[in-house]
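Given the structure is predicted, the values throughout are model-derived calculations rather than measurements. Per chain, numbering begins at 1; letters A, B, ... match sequence-line order.
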Amino acid sequence: MTASPTANLTTARPLVFDIKRHALEDGPGIRSTVFFKGCPLTCLWCQNPESIDPGPEIGFYPRDCIKCGDCVSACPVSACALEDPFLIDRKRCTRCGDCVEACPGRALRLIGRFYPVDELVDILLRDKTFYEVSGGGVTFSGGEPTVFMDYAAAVLKALKDSGIHTAIQTNGFFAWEEFEEKILPYVDLIMFDVKLADADKHREYTGQSNELILANLKNLLAERPAASSAERAEAVLPRIPLIPEFTATVENLRSISDLLKGLGVKKCSLLPYNPTWISKAENFGKNVDPRLSRYLLTPQELKKYQDIFSWPVCVQRTGRSELVTF
Amino acid sequence: MELPRNITHYMKHPDNPADSPELRAGKLYKYVMENKRPVITDENLLAGTTTARTIGVVLYPDFMALSIWPELETISRRKKNPFGITRAEIDELNFDIFPYWLDRTIQEVARKDNGNPLCQRIMERIVFYIATKVYSISHTVPNYAMVVERGLLDIIREARERELSPGSSKEDRAKKDFYQAVQLSLNGIISYAANLSREADRLAAKEVDTKRRQELLEMAEVCKRVPAERPRTFREALNAIWICKIALHQENANVALSLGRLDQVLYPFYAEDIKRGMTLAEAVELIGCFWLKIADHVPLSPETGEELFGGSGSNQAVTLGGVDIKGADAVNDLTYVVLKATELLRLRDPNVNARYYPQVSKKEYLDRLCEVNINTGATPCFHNDASAVEALSGQGVSLEHARDYSSVGCVEPSSGGRTYGHTGCILMNLTSALEMALWGGKHRLTEDEQIGPKTKPAVAMTSFAEFKKAMETQLGWLIDQVVTLNNNLGRAHQEIHPTPMLSAFMEGCMEKGKDVISGGATYNSSGAAMIGLADVVDSVTAIQEFVFDKKKFTMAEIISAINADWSVPYKKLQAMVKASPEKFGTDSRMARANADWLIGFLHDTFQGKENYRGGKYTVGYWTMTNHAGFGALTGALPSGRMKNEPFASGITPVSGSAPVLTSCLNFVARLDHTRIADGHALNLKYTPSTTTMSRFADTVEAFFKMGGLQVQFNIIDRKTLEDARKYPEKYPDLFVRVSGYTAYFKDLNPHMQQEIITRAEYDLGTGEEQKYG
Amino acid sequence: MFDIEKFISGLSVDKAMDRLGERFLKSLEDETAETFLEALLAFMKIKFMFDPAYRKNIEEFRGRYQFRSKDGGVAVLVNFEDGDMKIREKTSDDVNVTVSFKDGRALMNFLLSANRDILRGLLNNEVLVAGNLNYMYKFGFMANHLQLELTGNLP
Ligand code: SF4
Ligand code: SF4
């Protein structure tokens with residue numbers, strides 16, 4: 001067994017930064033989506049910047065702030081200031097969490113919480129009826145859920161035992177053997193991100209080469225004794241994020257299309273760019289690369305990209321934008 | 001004007017002053033119906049009107065008409081719901097009609113009979129409860145199947161036969177009076193129909209438009225036949241029901257006088273006519289005519305009432321779909337025709353209620369219901385048959401009868417046509433009991449007066465159990481009062497206002513020879529609606545969590561905070577309380593336990609009481625506009641709610657405190673619906689752009705599978721509502737779900753508009769509550 | 001206090017009516033409306049005495065009203081009987097209806113629809129009516145009528 005490519009992250013305790021219930025965009029039916037914290041890639045367009053770091057972070061929600069100043073007096077390193085529109089000077093902050101404790105309301109929140117397996121399973125099972133009537137289930141997302149293989153496996157197994165449909169959204173950057181052994185038996189749908197066909201560009205924009213990722217995709221789609229090819233095609237859904245100037249170029253999309261065709265893929269989905277995350281990222285004190293667009297894709301652009309693919313492509317709604325199904 | 005004039009005239013000159021109340025009522029309504037002006041309005045295929053105008057106000061002199069006396073000379077100029085009245089009419093009311101009733105209204109008769117009892121004086125303080133028998137008893141479903149299957153002559157024949165049966169005991173004589181009253185009043189209805197027929201002929205004779213002329217001639221034919229005889233066509237059946245409904249409007253103010261399962265009752269006539277060549281468009285048109293007719297009268301209330309509790313229509317419920325008495329799917333073509341008419345017309349009345357039985361009803365039907373909701377933004381509401389049938393069975397209704405339930409008023413399930421359940425006779429403000437528990441039986445509005453029993457002041461309490469005990473004492477006392485009042489009022493109705501026509505259209509009365517108000521119906525119950533449930537649960541839970549469990553602050557601090565309306569020194573406390581996840585409508589175990597306790601206590605206590613007809617009291621959670629009205633009168637609460645803010649409506653969580661849609665649905669679905677036998681209204685608001693039909697339907701289905709009783713939606717966003725508040729002229733027809741029924745947004749009082757605007761709005765796409773501000 | 005005869009002595013009826021009418025209107029403008037009840041009752045009385053159209057309101061009417069301020073400072077018994085109106089400063093339990101009020105302004109706010117602030121009245125627990133409400137409604141009509149007549153606002 002090869003060493004995990006994410007070994008340095010796995011040592012952390014798995015933290016969940018959000019559980020979205022009644023999610024309609026993360027797989028079939030009504031679902032609960034678990035967002036893990038920690039990711040081996042550092043895509044510069046990452047829409048959940050709070051999910052990259054595996055450690056807990058402090059989120060500030062100005063609408064809930066009553067400006068009482070308790071955080072200011074609680075902070076041991078004087079990182080809080082009411083005059084600061086973002087409240088916290090992130091460079092100084094040591095993420096000790098004292099201010100979160102002090103805040104009377106919910107203006108300061110700890111992002112990233114550890115749930116014992118039982119507790120997480122209990123929360124996810126609360127909406128079982130919704131999954132049943134709608135053909136939905138649970139989706140693991142991130143961050144990167146495969147960073148915490150053992151933990152994810154334990155939760156997924158418990159869900160499968162309760163008859164729940166499971167899905168994961170992965171960037172594909174994981175150790176195949178471990179994934180095949182621990183995760184694969186317990187997931188019904190794998191949404192697999194394919195970002196850039198070119199290995200160098202991949203390394204430049206995401207921090208890692210795409211070799212491992214593409215090899216894993218190949219493995220997933222290859223013959224496996226248990227599954228028919230139709231089942232495999234159903235179970236794996238490649239997803240391509242459309243980031244203007246980065247992934248959403250005719251050249252890149254053509255290459256991806258050819259690559260997927262070569263692998264026998266029949267269906268994939270495109271994720272239109274949604275710039276609303278930028279202000280959210282700023283609340284977390286993240287720097288946003290100035291090259292990133294602040295506009296939604298136009299329908300014409302979407303159509304152009306979609307036409308590159310020679311098989312059915314579904315354009316997924318992300319965030320608040322409109323659902324477009326072709 | 002016609003009605004109070006005729007009633008007063010008859011009462012001043014009765015046929016025989018020694019008549020029993022029943023007999024007097026029979027003669028009175030015969031007189032009223034015979035002397036009712038036959039009015040045929042343009043552009044409607046159905047004949048007859050509630051008042052002498054196309055749309056008019058009805059005044060019931062022994063109910064609340066006198067309350068507008070002070071405003072008679074200003075009412076034509078008031079801002080909300082003005083009402084045109086002539087000088088001559090004012091003088092007639094002021095000098096001739098009203099003075100006769102000074103000591104003869106239900107309210108005053110009940111007061112005199114019971115020596116101005118405490119329970120009635122408490123109601124006059126407004127903030128504790130309202131007992132609605134002072135203005136009507138019509139919150140029920142008459143048996144219209146009887147009207148269209150038999151015709152009135154057959155009912156009269158039965159009454160005559162029963163009247164002739166031997167026996168001369170006091171009881172037998174009372175029965176005979178009842179049977180006579182039925183015959184007299186139904187004959188009055190038949191005379192009215194005959195007058196309508198003559199009027200249609202008269203109009204036809206001078207009509208130049210040949211199409212309308214034909215319509216009028218047909219109308220004359222229709223009214224010649226129905227409701228005396230069994231109708232032959234769909235149109236005759238509808239007109240028969242309408243004429244009987246007009247009659248019932250003379251007998252009682254229309255407060256949720258509901259229509260029952262029209263798609264079932266009318267289906268045979270519809271199917272026959274379709275076979276004979278009626279087109280779907282014609283069927284939709286007839287239903288449309290009926291919908292326009294049933295809203296041809298408006299209640300008139302004084303300014304105080306308008307300001308606090310105004311904006312509701314007459315709240316007549318129609319029930320569609322569901323299962324039949326054997327439990328099989330009862331949805332038919334007419335169900336869809338009625339839905340189509342509803343979708344096209346978007347009217348406030350009737351309040352359309354759709355029944356759905358998970359696993360029995362078809363998925364296409366649910367999809368269609370969701371589609372109509374998306375297209376109209378507000379209707380129909382959804383009832384879960386499985387839970388409603390269980391709730392009614394728990395009240396002693398037979399399985400077959402329970403399956404035949406229909407909705408009364410807002411949401412109350414009732415086995416229609418055989419239950420006299422006055423399902424909205426009590427509206428009780430739960431927060432008033434909370435206040436009294438906090439202040440040892442006093443209420444902030446009534447200041448130093450000792451209203452309820454003297455319980456230990458909350459500041460001196462040392463455990464949560466002690467606080468709950470005080471709540472129970474105050475609630476128990478409040479329930480005693482309001483039940484006594486309802487029973488007093490019920491007896492006053494028996495004494496001065498029997499209802500022979502409603503009784504004629506109610507299963508059971510004929511066999512027992514008794515008026516509905518005296519217990520003639522097969523099933524007898526009374527329904528009490530509780531207002532402020534979520535606010536009270538959140539308040540009680542906050543006290544448990546912060547004062548007793550975590551001891552973050554003291555009871556004295558909470559009390560100072562709410563006395564100061566959570567102003568500056570208490571902003572931190574308020575933020576803490578509001579930020580707590582222990583709230584009604586979340587996964588909180590603590591809030592759930594408190595909700596179960598409260599609902600259980602209310603149910604058990606009310607069930608322990610008997611009404612004046614030997615029936616039981618049931619409890620429901622729906623509020624009409626009362627959550628805004630009572631809210632406007634109520635100070636800040638421990639839940640973090642500020643002074644004068646509306647309470648959450650129905651059984652809905654407080655806006656902003658139940659952020660997850662599935663948790664909210666889970667919470668409500670798992671409440672024990674057998675203890676919510678008077679129904680509940682769960683009001684949800686969806687953001688329109690995210691609402692897709694199939695997920696919408698799945699969400700409803702899941703809610704019902706978990707046991708939810710009823711749910712209803714507004715599919716509209718906050719921006720539109722805010723705009724409509726600013727520029728009402730731009731949105732004349734914007735209609736919204738209030739609580740259990742729909743209303744035009746522009747008609748709502750400002751408190752209510754505010755409540756709807758800030759009501760929790762869920763994005764169906766993410767299942768999250770939308771935040772604003 | 002309610003000695004109308006004295007007030008109008010030496011004046012013509014028309015003049016006296018005008019005077020009392022003005023006094024009634026003026027009492028409405030005053031911040032506390034302290035004199036409201038007195039001015040209203042006095043004007044009402046003279047109207048009943050000399051205006052047959054208005055008197056029609058109390059022909060064949062019998063009704064006893066107790067008005068009193070919550071602090072006990074004012075207690076007035078008004079008795080209508082066969083076209084006559086009697087005003088006396090006393091308390092009695094033998095009445096059709098009792099109205100207790102915080103101050104003149106509160107009573108005015110309660111009685112006159114044109115000057116009304118319903119919510120405020122209720123929220124401040126300003127007026128309490130005990131007994132037969134219908135009698136109150138009738139009185140309300142008669143009081144409103146006077147104001148509307150004086151201000152030329154009768155329909
Ligand atoms: S987390 Fe700790 S260091 Fe950072 S702002 Fe809060 S109190 Fe200061
Ligand atoms: S403690 Fe919380 S509410 Fe107070 S100023 Fe800081 S962030 Fe705002």
Side-chain angles (χ1 to χ4, degrees), chain B residues 61 64-78 84-87 89-91 93-95 98-99 101-105 107-109 111-112 116 120-121 124-127 134 302-308 443-449 629 632-635 643-644 749-751, chain C residues 53-65 70 80 93 95-100 102 109-155:
Chain B
M64 293 304 284
L66 271 61
S67 67
I68 63 146
W69 204 343
E71 294 167 31
L72 276 182
E73 292 183 315
T74 47
I75 202 156
S76 57
R77 280 168 295 177
R78 74 177 182 192
I85 184 168
T86 65
R87 184 71 245 174
E89 288 172 329
I90 293 173
D91 288 342
L93 289 171
N94 180 45
F95 294 121
F98 285 170
W101 299 98
L102 272 167
D103 296 301
R104 294 182 170 93
T105 57
Q107 184 156 219
E108 296 310 328
V109 167
R111 189 194 309 280
K112 200 154 106 245
N116 195 17
Q120 201 156 348
R121 286 181 276 134
E124 279 144 20
R125 314 311 292 274
I126 305 187
V127 77
V134 296
E303 252 181 308
T304 326
E306 284 293 333
E307 174 151 348
L308 286 175
H443 190 287
R444 278 172 290 182
L445 194 68
T446 45
E447 299 174 320
D448 277 341
E449 241 173 291
L633 295 175
T634 302
K643 181 175 168 179
N644 305 359
N749 65 46
H751 314 290
Chain C
Y54 189 61
R55 185 161 61 237
K56 202 171 163 215
N57 277 299
I58 55 167
E59 275 160 15
E60 296 168 49
F61 172 62
R62 303 178 65 152
R64 290 164 65 82
Y65 294 75
K70 287 192 168 176
F80 297 98
D93 286 338
V95 292
N96 296 96
V97 62
T98 301
V99 187
S100 319
K102 231 171 206 160
N109 181 24
F110 172 76
L111 277 180
L112 300 181
S113 30
N115 303 48
R116 205 167 239 196
D117 179 355
I118 294 154
L119 202 58
R120 202 200 71 170
L122 281 170
L123 280 176
N124 301 335
N125 196 27
E126 287 182 341
V127 174
L128 185 58
V129 182
N132 188 325
L133 299 179
N134 296 334
Y135 283 76
M136 207 52 241
Y137 298 143
K138 179 173 173 64
F139 189 86
F141 177 88
M142 298 192 296
N144 274 301
H145 181 89
L146 291 181
Q147 189 197 14
L148 294 169
E149 191 179 27
L150 283 173
T151 53
N153 278 317
L154 277 181

For a side chain to side chain donor-acceptor pair (under 3.5 Å) check, start with the C-alpha distance between Asn144(C) and Thr74(B), then their side-chain angles and the critical distance, and finish with the verdict. CA-CA 9 Å; Asn144(C) 274 301; Thr74(B) 47; 5.8 Å; no
Under the side-chain contact (heavy atoms from CB on, under 4.5 Å) criterion, do Arg77(B) and Asn153(C) qualify, and how do the steps go? CA-CA 10 Å; Arg77(B) 280 168 295 177; Asn153(C) 278 317; 3.9 Å; yes
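Using a 4.5 Å cut-off between heavy atoms, Phe95(B) contacts chain C through its side chain alone, with no backbone atom that close. The part of Glu124(B) that comes within reach of chain C is its side chain, from C-beta onward, which places non-hydrogen atoms under 4.5 angstrom from that chain. Contact of Gln120(B) with chain C is not made at all, since no heavy-atom distance falls under 4.5 Å. Neither the backbone nor the side chain of Ile85(B) comes within contact range of chain C; no heavy atoms are under 4.5 Å apart. Residue Arg121(B): no heavy atom, backbone or side chain, is found under 4.5 Å from chain C. Contact annotation for Tyr135(C): both backbone and side-chain heavy atoms come within less than 4.5 Å of a heavy atom of chain B.
Glu108(B) places a side-chain N or O within donor-acceptor distance of the main-chain N or O of Leu133(C), the cut-off being under 3.5 Å.
Note: Asn116(B) CG to Asn132(C) CG = 9.5 Å, rounded to the nearest 0.5 Å. A distance of 13.0 Å separates CE of Met136(C) from CG of Leu66(B), quoted to the nearest 0.5 Å. With rounding to the nearest 0.5 Å, the separation of CD in Gln147(C) from CD in Glu73(B) is 11.0 Å. Taking CZ of Arg125(B) as the reference point, atom CG of Asn125(C) lies at 5.0 Å (rounded to 0.5 Å). Here Asp91(B) contributes atom CG and Lys56(C) contributes atom NZ; the two are 6.5 Å apart, rounded to the nearest 0.5 Å.
A donor-acceptor pair shorter than 3.5 Å cannot be found between the side chains of Asn134(C) and Asp103(B).
Your options are Gly131(C), Gly63(C), Gly140(C), and the one with the most heavy-atom pairs under 4.5 Å with chain B is Gly131(C).
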